[in-house]
Novice: 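Structure provided below as structure tokens; questions to follow.
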Amino acid sequence: MTTLLVPELQRYLTRRVTWITGLVAASLFGVIALFAGAQSSGPRVRLSDFGPSMIVLAVMLVSAWSFFTAASAIGSEQSSGALGTWLTFNPRRWPVFTAKLLSVTLPAAVAGLAALLVAFGWSLLISSYSPPSAVVGMFGMVIRGTLVVVSIAALGFVLAVITRSTLGALGVLVGWLVLFVFQVAITSMMGAYSQWIGLERALAEFLLNQEYVRYGEIHSNPWVVGGAGLIWFAFVAAVVIFAGWLFARRDVD
């Protein structure tokens, strides 16, 4: 596996798209974080108020970067015919699929953890009140946020495999977002948003569940977090397995 993974990692990490979009995402995070910090500075800033928004910002930007670069990496190979050429030298489909998947999810994990730790540190620096429960709760969000980033990178990769193109993966994402906005609008008008359960809701509960928050503290329900995580990651695993099955059986030319 190492002989397959190392070249895939080198190819992914040396792509201009990976670095250019990464620099754009990092710059956006820096600008927004500095602006939010300037707007929120003061003696009454609590970690429980400022921190989660920084976590969400970091997760959104790194997830967008990882989704696009993962989809682009495999999408360009499929559209250019390079994948077919590569498989003539190494016809073992499942090991190749696994190596390519790891080559986009491992950098996503490193980038996600780094960005979330920066967001965590910036939140601690800005906040004037950070009780132990809030620090522990925020660190839990850092770990869960990293897992979310990895799952989004995996989805970008496998959706490009399933649709055979980068644009196909982006199209699925846009369609999902449109459906999400439509569902939120309908359920909000009906006053039933609190009862709505979907993949987006599960993802939000896994990352940001705060069922019990006293002044400046953060407490999450581990059963809700665990259940939501099970729903989300079971879905991601199912899509990954399906994409691997397609990759192993269909013609790539």
Novice: Could you tell me which residues satisfy ring-ring contact (aromatic ring centres under 6.0 Å, His included) with Phe29, sequence neighbours excluded, listed by chain and number?
Specialist: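 Here no residue qualifies.
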Novice: So how far is it from Ile74 CD1 to Ile162 CD1, rounded to the nearest 0.5 Å?
Specialist: 12.0 Å
Novice: Could you list the donor-acceptor pairs under 3.5 angstrom formed by side chains in residues 232-243, with sequence neighbours left out?
Specialist:
{"residue": "Trp232", "atom": "NE1", "partner": "Ser151", "partner atom": "OG", "Å": "3.0"}

Novice: Taking the side chain as everything from C-beta on, heavy atoms only, tell me whether Ile152 gets closer than 4.5 Å to Val59.
Specialist: no
Novice: Is Val96 reachable from Trp94 through a run of hydrophobic residues whose side-chain heavy atoms are each under 4.5 Å from the next?
Specialist: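 Result: yes, single cluster for both.
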Novice: For Leu159, check side-chain contact (heavy atoms from CB on, under 4.5 Å) against everything at least two apart and list the hits.
Specialist: Phe67, Ala169, Val172
Novice: Pairs in or reaching into residues 20-34: which pass side chain to side chain donor-acceptor pair (under 3.5 Å), with residues at least two apart or in two chains?
Specialist: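 Of all non-adjacent pairs touching residues 20-34, those that pass side chain to side chain donor-acceptor pair (under 3.5 Å) are Thr21-Trp65.
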Novice: Would you give the length of the straight line joining atom CG of Leu23 to atom OG1 of Thr18, rounded to the nearest 0.5 angstrom?
Specialist: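 One gets 11.0 Å once the value is rounded to the nearest 0.5 Å.
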Novice: When you measure from the side chain of Thr163 to the backbone N and O of Ser165, does any donor-acceptor pair fall under 3.5 Å?
Specialist: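 Side chain of Thr163 to backbone of Ser165: a pair is present.
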Novice: Can you tell me if Ser63 uses its side chain to pair, donor with acceptor, with the backbone of Met60 under 3.5 Å?
Specialist: no
Novice: Please say yes or no: joined through hydrophobic side-chain contacts below 4.5 Å, possibly via intermediate residues, are Phe50 and Leu125 part of one cluster?
Specialist: yes
Novice: What residues, two or more places apart in sequence or in another chain, satisfy side-chain contact (heavy atoms from CB on, under 4.5 Å) together with Ile32?
Specialist: Leu57
Novice: Hydrophobic cluster membership, with links at side-chain heavy-atom distances under 4.5 Å among I/L/V/M/F/W/Y: are Trp245 and Leu101 in one?
Specialist: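 Yes: a chain of side-chain contacts under 4.5 Å links Trp245 to Leu101.
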Novice: If you look only at distance, which donor and acceptor atoms sit under 3.5 Å apart when one is on a side chain in residues 134-146 and the other is two or more places apart or in another chain?
Specialist:
{"residue": "Arg144", "atom": "NE", "partner": "Phe206", "partner atom": "O", "Å": "2.5"}
{"residue": "Arg144", "atom": "NH2", "partner": "Leu207", "partner atom": "O", "Å": "3.0"}
{"residue": "Thr146", "atom": "OG1", "partner": "Val142", "partner atom": "O", "Å": "2.9"}

Novice: Quick one: list whatever passes side-chain contact (heavy atoms from CB on, under 4.5 Å) with Val150, sequence neighbours left out.
Specialist: Thr105, Ala109
Novice: Using the test side-chain contact (heavy atoms from CB on, under 4.5 Å), find all partners of Pro107 that sit at least two apart in sequence or belong to another chain.
Specialist: Leu9, Tyr12, Leu13
Novice: For Arg11, what residues pass the salt bridge (Lys or Arg N to Asp or Glu O under 4.0 Å) criterion, not counting sequence neighbours?
Specialist: Glu8, Glu77
Novice: Rounded to the nearest 0.5 Å, how far apart are OG1 of Thr69 and CH2 of Trp19?
Specialist: 11.5 Å
Novice: Are Leu124 and Phe120 side-chain neighbours, meaning at least one heavy-atom pair lies under 4.5 Å?
Specialist: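 SC-SC contact between Leu124 and Phe120 confirmed.
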Novice: Look up atom CG in Leu47 and atom OG in Ser123, then write down how far apart they are to the nearest 0.5 Å.
Specialist: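 Between atom CG of Leu47 and atom OG of Ser123 there are 6.0 Å.
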Novice: Any side-chain heavy-atom pair from Arg15 and Ser72 closer than 4.5 angstrom?
Specialist: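 A side-chain contact under 4.5 Å exists here.
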Novice: Mind listing the closest non-hydrogen atom pair of Ser220 and Val225 along with its distance?
Specialist: CB-CG2, 4.2 Å
Novice: So if you build clusters from Ile, Leu, Val, Met, Phe, Trp, Tyr with side-chain heavy-atom gaps below 4.5 Å, do Val62 and Ile20 land together?
Specialist: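 No, Val62 does not connect to Ile20 through the hydrophobic network.
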Novice: Do any pairs count as a salt bridge (Lys or Arg N to Asp or Glu O under 4.0 Å) and have a residue in residues 48-69, sequence neighbours left out, and if so which ones?
Specialist: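 For residues 48-69: Arg46-Asp49.
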Novice: Nearest 0.5 Å, please: how far is CG in Leu173 from CZ in Phe68?
Specialist: 11.5 Å
Novice: So which heavy atom on Ser66 is nearest to which on Ala108, and how close?
Specialist: CB-CB, 3.9 Å
Novice: Taking side chain as C-beta onward, heavy atoms only, is Val158 less than 4.5 Å from Phe247?
Specialist: no
Novice: Which heavy atom of Ala58 sits nearest a heavy atom of Ala115, and at what distance?
Specialist: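 For Ala58 and Ala115, the tightest heavy-atom pair comes out as CB-O, 4.1 Å.
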Novice: Determine, using the 4.5 Å side-chain heavy-atom cutoff (strictly less than), whether Leu117 and Val148 are members of one ILVMFWY cluster.
Specialist: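 Yes, one cluster joins them.
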Novice: Please answer whether the main-chain N or O of Asn221 pairs with a side-chain N or O of Asn209 as donor and acceptor at a distance below 3.5 Å.
Specialist: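 Side chain of Asn209 to backbone of Asn221: a pair is present.
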